[in-house]
Amino acid sequence: MLGRGCVGLLAKTPRGTEDVLPKESRIWQHIEGQLAQIFSLFGYKEIRTPIFEETELFQRGIGEATDIVEKEMYTFTDRAGRSLTLRPEGTAPVVRAYLQHKLYGEPQPIKLWYVGPMFRYERPQAGRSRQFHQYGAEALGTQDPATDAEMIAIPVELFRRLGLDTVQVEINSIGCPQCRGGYQEYLIETLKPKADQLCGDCQRRLQKNPLRILDCKNAVCNSIKTGLKSILDFLCPECSDHFESVQGYLDLLQIPYVINHNLVRGFDYYTKTVFEITYSELGAQSAIAGGGRYDGLVEECGGPSVPAVGFAAGMERLLLTLEHRGWEPPTKETIDVFIAGVGETRSAVVELAFCLRRAGLAAEMDYGDRSLRAQMKTANRLNAAWTIIVGEDELRDNKAVVRHMASGRQEEVAIAKLEGWLREQVRTGCRGTKE
Ligand code: HAM
């Protein structure tokens with residue numbers, strides 16, 4: 001037992017992290033089940049990468065001048081003096097794995113998906129935490145704009161299955177390094193004379209990463225930006241054609257979208273298509289998915305020149321969205337059978353529960369020495385389809401009473417036949433009406 005003093009200190013998750021309790025993990029499991037199905041239908045295979053990586057992977061991959069690398073990484077030195085970082089996102093690790101295992105030597109594209117915790121030192125608020133979970137996909141080794149559309153279609157399909165049809169898809173193209181360079185020069189030239197009116201962050205961005213000025217929400221910066229030309233006016237023919245094709249595919253798949261000229265996203269690895277999916281009711285943290293193409297990242301990480309595209313989406317934000325809409329997982333939690341013991345029947349109950357579980361039936365029993373009435377209450381709370389009542393008299397005759405919870409119908413069944421009898425009831429769908 002913890003002493004009083006310890007409770008305040010120890011009985012609390014670190015700031016920006018949360019437990020997922022059984023009530024919620026049921027919802028997580030439902031969503032993860034849907035995800036695994038959808039990814040499989042779209043031809044993606046699961047990849048699991050380590051929770052931490054060499055710090056340099058993120059510095060090089062995400063970009064030194066990004067908020068994530070500058071301010072948000074959980075970086076530590078291990079006992080051998082290596083700098084390691086808890087992964088703030090999944091794309092750079094997937095690229096590292098693609099290179100390490102020479103997946104570029106296999107038939108392309110390589111289509112991978114993942115789900116797991118990510119870590120960013122951000123100011124926690126609703127929908128923004130320090131440990132959060134992303135599910136996402138990466139397709140490496142293809143320039144086909146159909147894969148860009150696929151990366152939008154996959155989360156949209158998940159949202160559709162969960163009844164979320166009011167999400168907004170925003171897309172943009174930030175071109176290739178060549179055409180983007182022209183736009184960056186234009187931004188610097190146009191904004192430099194007004195630099196002292198920009199917010200502190202944007203003054204720094206003007207030097208290091210001018211494109212990021214476009215998604216600053218500061219009111220003064222916004223007014224300075226009005227009338228700026230769009231990056232789309234600067235795209236080279238190849239980037240422009242690619243963007244047209246992506247839009248064509250989205251139209252074909254009947255996925256509504258809007259073009260947001262100011263969408264640039266917070267990673268240096270993007271080229272051409274970038275996108276975000278938002279659910280506006282979430283307020284400030286409304287992005288429930290984001291992604292884009294990153295044709296230069298594999299090469300930047302020391303590999304061959306391989307085009308790629310991907311997306312990632314926040315699990316907690318999806319849960320908040322579902323909660324906001326009053327969504328309930330479609331199936332109730334149930335068990336097949338509860339075993340209630342009356343009198344000196346303890347060993348028989350334990351043995352029976354174990355045998356039934358081994359036979360593939362979800363079986364629960366009483367762990368205290370409680371009255372039959374209390375045990376029946378537990379069986380109801382657990383939504384048991386059946387309850388086996390083991391009494392001393394019945395046990396002497398090698399029998400037990402089996403009660404169908406929905407109808408109240410009871411019958412005696414020989415203990416030796418119980419497993420087969422129950423399995424048959426469950427197999428034929430006779431689980432009662434409690435599902
Ligand atoms: P991102 O936009 O940084 O992209 O994150 C994707 C999603 O993760 C966001 O839309 C949001 O739902 C969720 N998310 C991000 N930060 C937090 C946080 N602090 N708390 C809760 N949820 C959060 C990426 O990470 C890219 N790797 C996506 C990608 C994959 N691009 C290409 N491939």
Side-chain angles (χ1 to χ4, degrees), residues 15-18 20 31 44 47 49 53 57-58 61-63 66-69 71-74 86-98 109-140 142 147-148 150-152 154-156 158-159 164 167-172 174 212 215 263-280 282-298 307-322:
R15 186 164 147 77
T17 68
E18 270 179 20
V20 178
I31 295 171
Y44 287 74
I47 183 167
T49 63
E53 298 272 357
L57 174 67
F58 300 115
I62 298 175
T66 58
D67 281 356
I68 293 185
V69 171
K71 309 184 231 173
E72 296 171 4
M73 294 210 302
Y74 277 92
L86 300 185
R87 60 183 189 192
E89 58 106 49
T91 309
V94 166
V95 167
R96 195 259 317 125
Y98 178 82
I110 298 286
K111 304 197 337 180
L112 303 167
W113 73 273
Y114 50 87
V115 58
M118 307 289 162
F119 306 84
R120 296 185 193 173
Y121 191 81
E122 294 194 86
R123 200 166 45 77
Q125 55 177 265
R128 190 163 73 185
S129 39
R130 292 181 172 171
Q131 173 176 315
F132 58 99
H133 295 74
Q134 280 187 346
Y135 53 94
E138 315 290 344
L140 299 114
T142 174
T147 45
D148 302 45
E150 197 165 285
M151 290 303 167
I152 298 172
I154 292 172
V156 165
L158 174 72
F159 301 151
L164 265 184
V167 299
Q168 193 176 41
V169 178
E170 295 180 18
I171 61 170
N172 194 18
I174 56 166
R212 285 308 309 253
D215 67 0
L263 182 65
V264 290
R265 304 210 9 96
F267 301 84
D268 281 358
Y269 52 59
Y270 287 121
T271 54
K272 298 184 176 160
T273 319
V274 287
F275 61 87
E276 246 164 41
I277 305 180
T278 53
Y279 179 72
S280 57
L282 286 185
Q285 308 304 322
S286 62
I288 52 174
R293 180 159 280 284
Y294 49 95
D295 289 345
L297 182 57
V298 178
V309 62
F311 86 93
M315 194 68 139
E316 286 82 355
R317 288 194 195 168
L318 175 57
L319 294 174
L320 277 178
T321 308
L322 293 174

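It should be emphasised that the depicted structure is a prediction, and the values quoted were computed from it without experimental measurement. Counting starts at 1 for both ligands and their atoms, following the listed order. Basis for what follows: all heavy atoms, side chains included, without hydrogens, waters or symmetry-related copies.
- The closest heavy-atom contact to atom 14 (N) of ligand 1, among the options F132, Y270, F275, comes from F132.
- A 4.5 Å side-chain heavy-atom check between I31 and L319 finds at least one atom pair inside the cut-off.
- Taking CG from L112 and CG from L140, the interatomic distance works out to 6.5 Å, rounded to the nearest 0.5 Å.
- In this structure, the protein non-hydrogen atom closest to atom 4 (O) of ligand 1 is R265 NH2, 2.8 Å.
- The ligand atoms of ligand 1 that sit less than 4.0 angstrom from a heavy atom of E89 are 25 (O), 26 (C), 27 (N).
- Contacts between P88 and ligand 1 below 4.0 angstrom, taking non-hydrogen atoms only, are absent altogether.
- Taking every heavy atom of E122 and a limit of under 4.0 angstrom, the matching atoms of ligand 1 come to 16 (N), 18 (C), 19 (N).
- For the pair R120 and ligand 1, a heavy-atom separation below 4.0 Å is found.
- More than 12 non-hydrogen atoms from other residues, nucleotides or ligands lie less than 6.0 angstrom from CD of Q125.
- Near G127, meaning under 4.0 Å from any of its heavy atoms, are these atoms of ligand 1: 20 (N), 21 (C), 22 (N).
- If you check which protein heavy atom lies closest to atom 5 (O) of ligand 1, you get Q134 NE2, 3.0 Å.
- A side-chain N or O of R293 and one of T147 form a donor-acceptor pair less than 3.5 Å apart.
- Here the heavy atom of the protein found nearest to atom 33 (N) of ligand 1 is E138 OE1, 2.8 Å.
- Listed by atom number, the atoms of ligand 1 under 4.0 Å from I288 heavy atoms are 10 (O), 12 (O).
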